[in-house]
Number of protein chains: 2
Amino acid sequence: MLSKDKMMLCERQADILQALGHPIRIAIAHFLKDGEQCVCDIAEFVGSERSNVSKHLSIMINAGLLESRKDGLNVIYRLKCRCIPDFLSCVTDVLKQQVKDNKKLSRVL
Amino acid sequence: MLSKDKMMLCERQADILQALGHPIRIAIAHFLKDGEQCVCDIAEFVGSERSNVSKHLSIMINAGLLESRKDGLNVIYRLKCRCIPDFLSCVTDVLKQQVKDNKKLSRVL
DNA sequence: TTACTATGTGAGTATATAATCACATACTCA
DNA sequence: TGAGTATGTGATTATATACTCACATAGTAA
């Protein structure tokens, strides 16, 4: 049986996964890999309303994935941690593996 | 603006993250790192009802994270992809980084 | 000051998710 | 066969999440 401490760790890990577990938030993370951006440009990139994007951004801030700074009227967001792109490419590896398995399967069918 | 294809990719990545984005499902993944297990033992390990665990397992199966086989009365689950442990350690890296940043901050306060 | 712009927030709604319980299914073994 | 066990599923309920719209805030610039 899992200890209290390990369960707490699982909860914190789940928080991080949930904070990235939405198509718009993934897209935001991909966009910010190439450098910091304002809400305006992020909203344009992901193709959603600004108020909605603003909420997604605050979810990511709360999870410690992003940080922001003000620049005049704009608020500029950036990835807080260099490991997030690594992390995303890990997800991609899982996807690639699934595609590979599917191909193997389709050859048999 | 994000292309349709890229958006689809983000959706598939989000599916995977969501399928792992729950404390119980993370705990299951950790447990299965060390080898396949039946529902019974998984439920005992994560400390939740069997029917609930069964539903979590089917979420992970649908996301392509796990596979299962029958063995008499039991159903044995295992990780489908060796990259899932790597993936989990990536989440841990993000957490570690956050802890490190917090320490730095607390020294300043 | 006033008009304008970028962002954040609250209310309301729709939808998704999680947990529990009761029950169905499938298998084992006497 | 019948009792017992492991698992899965459907109904229900409670809660969380996402989205939209309207509005508030904060800064810019004339």
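By convention in this document, chain letters (A, B, ...) are assigned in the order of the sequence lines, proteins followed by strands, and residues within each chain are numbered from 1. What you see is a predicted model; the values in this text were computed from it and never measured. Computed over heavy atoms, backbone and side chain alike; hydrogens, waters and symmetry mates excluded.
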**Student:** What nucleotide, of C:dT17, C:dA18, C:dT9, holds the atom closest to the side chain of B:Gln18?
**Tutor:** C:dT17
**Student:** If D:dA26 has a Watson-Crick or G-U wobble mate with both distances under 3.5 Å, name it; if not, just say none.
**Tutor:** C:dT5
**Student:** If you look at every strand shown and take non-hydrogen atoms under 4.0 Å, does B:Ile76 touch a base, only sugar-phosphate, or nothing?
**Tutor:**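 Result for B:Ile76 = nothing.
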**Student:** When we call it a touch if two heavy atoms are under 4.0 Å apart, what does A:Ile59 touch: a base, just sugar-phosphate, or nothing?
**Tutor:**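 The answer is sugar-phosphate, as A:Ile59 gets under 4.0 Å only of primed atoms, P, OP1 or OP2.
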**Student:** Classify the ring geometry between B:His22 and B:His56 as parallel (under 30°), tilted (30 to 60°) or perpendicular (over 60°).
**Tutor:** tilted
**Student:** Within the 4.0 Å heavy-atom criterion, would you say A:Ser58 contacts the bases, only the backbone, or no part of the nucleic acid?
**Tutor:**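 Contact class for A:Ser58: none.
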**Student:** In whole angstrom, what separates A:Lys55's NZ from C:dT7's C1'?
**Tutor:**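 Distance, rounded to whole Å: 12 Å.
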**Student:** Rounded to whole Å, how long is the line connecting atom CZ of A:Arg69 with atom P of C:dT7?
**Tutor:**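 Taking CZ of A:Arg69 and P of C:dT7, I get 12 Å after rounding.
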**Student:** Just verifying a value: how many Å separate B:Lys6 NZ and B:Gln13 CD, rounded to the nearest 0.5 Å?
**Tutor:** 10.0 Å
**Student:** Does B:Arg25 put a side-chain nitrogen or oxygen below 4.0 Å from OP1 or OP2 of C:dA18?
**Tutor:**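 Indeed, a polar side-chain atom of B:Arg25 lies that close.
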**Student:** Do B:Gln98 and A:Arg12 get their side chains close enough for a donor-acceptor pair, meaning under 3.5 Å?
**Tutor:**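 The criterion, which ignores hydrogens and geometry beyond distance, is satisfied for A:Arg12 and B:Gln98.
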**Student:** Does B:His56 place a side-chain N or O at less than 4.0 Å from the phosphate oxygens OP1/OP2 of C:dA19?
**Tutor:**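 B:His56 to C:dA19 OP1/OP2: side-chain N or O found under 4.0 Å.
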**Student:** Quick one: which of C:dT7, C:dA18, C:dA22 gets closest to the side chain of A:Ser54?
**Tutor:**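 Among the listed nucleotides, the one closest to the side chain of A:Ser54 is C:dT7.
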**Student:** Taking 5' to 3' order, which nucleotide of DNA chain D is first and which is last to have an atom within less than 4.0 Å of a heavy atom in chain B?
**Tutor:**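 First and last nucleotides in contact are D:dT5 to D:dA11.
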